[in-house]
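Quick note: residue numbers are just sequence positions, from 1.
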Amino acid sequence: MTLNKSILQLTRAAFALTALAVAANSQESSPATPLLPAAPATQQMAPVPSFRIGDFRLETPSADSPSPDSAPDASAGSDQRPGLVKRSITRIGQDQKFLFKGPFEKHNLKWDAVILVGTGAFLAADRDIENNIPHSHFGVYQAISDTAIGGLAGSLAGIYLYGAKTEHRHARETGELELETLINTFLIYTPMQLIAGRQRPDEGNDHGDFFKHHALDTSFPGGHAMFTWAMASVLADEYPKPWARALSYGAAFTVTFTRFMARDHWSSDMFIGTGLGLAIAERTFHARCNPEFESQCKHHQWWWKPMKMDVQ
């Protein structure tokens, strides 16, 4: 199926960002040119997880922190900063804990209802909707989808490469949070695919039955929607200019619509994929973003609720 090719493209994009992160981190390991000064472990306040806006932030800059886009202090020793692998595993573990707990928080129940009711409505209407989709131009729709995915992933890789090479902290944060969001998305997407095992349109008895497969290449949830909306949401939050938001969300909508029109997914697959992608991205962004930057990070603080958390 064509999803194999596109999931491979998304995976390659994530690995490309990973390679850039490792390359940048190896540059930081030199004692002469660390990119960020180390900060000792502190006890501070972080918000309760909420899918409404991403809920909380794990790091708060101190008064001695450099300006958002300034070069780092060359006098700081790189041996004080945790290794990239250890730091990434710790962050991902924290993310997964609160992402899986999030839907059961009282303040998220209304959003759970929106996702569940909406998905249920589309499940009931899936066959009627699919019967009205034309059986033509599949190749055109898939080519448009691949172009949108490639453009979005390429833009993110370019932003991170620029940040790593020029020590531009905002661009660097964008690349790191995009990579972290993709990993968080994959770790939720994978078990859902394995459990649901749903047949695609024009597969089996054309009813979209569940529990028919035990692999990742299945219909529910829509991986194209889930991954592209996650990427687009972080990009739009980091650079909340109207034109940037229009391009990022426009790319995500294009991928979702064209993959649906190519009959790769049912409408319910794409609805829940979109909702999950947005929720994971907002949660990850607001957990890790720096409010010093010109982003959406500082505009949602009044929604956060305090909760103590040990930060490294």
Side-chain angles (χ1 to χ4, degrees), residues 10 12-30 32-39 54 57-62 65-74 76 78 81-82 84 87-88 91-92 95 148-185 227-252 280-300:
L10 288 169
R12 287 176 176 172
F15 286 159
L17 287 173
T18 305
L20 292 173
V22 172
N25 189 71
S26 65
Q27 294 174 357
E28 292 175 0
S29 63
S30 172
T33 59
L35 288 182
L36 289 175
R57 183 177 74 251
L58 292 183
E59 297 181 41
T60 302
S62 65
S65 298
S67 60
D69 298 327
S70 64
D73 182 4
S78 62
R81 175 172 176 158
L84 175 66
R87 182 167 60 95
S88 298
R91 287 165 63 109
I92 294 298
D95 288 345
I149 292 173
L152 184 59
S155 298
L156 296 172
I159 290 172
Y160 183 65
L161 181 61
Y162 170 77
K165 293 299 183 182
T166 65
E167 300 180 354
H168 190 282
R169 294 172 58 213
H170 191 184
R172 189 182 170 89
E173 176 186 271
T174 302
E176 291 176 348
L177 291 187
E178 286 289 359
L179 176 60
E180 190 168 339
T181 299
L182 286 173
I183 295 173
N184 285 330
T185 303
F227 282 96
T228 53
W229 280 102
M231 289 191 292
S233 182
V234 172
L235 183 59
D237 281 344
E238 287 283 7
Y239 299 97
K241 300 292 185 181
W243 65 268
R245 296 172 73 86
L247 287 175
S248 57
Y249 287 135
I280 294 168
E282 289 297 301
R283 165 64 184 76
T284 303
F285 172 77
H286 287 283
R288 308 298 183 184
C289 63
N290 187 339
E292 291 182 348
F293 299 143
E294 291 297 324
S295 69
Q296 287 294 98
C297 188
K298 58 187 176 183
H299 298 306
H300 292 161

Do H170 and E238 have side-chain N/O donor and acceptor atoms under 3.5 Å apart? yes

Residue list, side chain to side chain contact (heavy atoms under 4.5 Å, CB included) with A246, at least two apart or on another chain: none

Evaluate the criterion side-chain contact (heavy atoms from CB on, under 4.5 Å) for residue pair M231 and T181; output intermediate values, then yes/no. CA-CA 7 Å; M231 289 191 292; T181 299; over 6 Å; no

If you round to the nearest 0.5 Å, how far is CZ of R91 from CD1 of I183? 10.5 Å

Output all residues satisfying side chain to side chain contact (heavy atoms under 4.5 Å, CB included) with S248, sequence neighbours left out; order by chain, then residue number. A232, L235, A236

Could you tell me which residues satisfy side chain to side chain donor-acceptor pair (under 3.5 Å) with E173, sequence neighbours excluded, listed by chain and number? none

Could you give the distance from OG1 (T174) to CG (L156), rounded to the nearest 0.5 Å? 8.5 Å

Can you give me the closest heavy-atom contact between A171 and Y162, atom names plus distance? CB-CD2, 3.9 Å

If you measure from CG on D237 to SG on C289, what distance do you get to the nearest 0.5 Å? 8.0 Å

Does the pair R245 and Q296 meet the rule for a side-chain contact (heavy atoms from CB on, under 4.5 Å), with working shown? CA-CA 11 Å; R245 296 172 73 86; Q296 287 294 98; 3.9 Å; yes

Apply side-chain contact (heavy atoms from CB on, under 4.5 Å) to Y239 and I159, showing your working. CA-CA 11 Å; Y239 299 97; I159 290 172; 3.9 Å; yes

CG of L182 to CZ of F227: how many Å apart, nearest 0.5 Å? 7.0 Å

Is it true that T284 and N184 share a donor-acceptor pair across their side chains at a distance under 3.5 Å? yes

Please identify each residue that fulfils side chain to side chain donor-acceptor pair (under 3.5 Å) with T185, with sequence neighbours left out. none

In sequence, state the C-alpha distance, the side-chain angles, and the governing distance for S233 and F285, and then conclude on side-chain contact (heavy atoms from CB on, under 4.5 Å). CA-CA 9 Å; S233 182; F285 172 77; over 6 Å; no

Distance col, row L161:CG vs R172:CZ, nearest 0.5 angstrom, shows 11.5 Å

Value rounded to 0.5 Å, distance of CG in L179 from OH in Y160: 8.0 Å

Does E294 reach the side chain of K241, with side-chain heavy atoms less than 4.5 Å apart? no

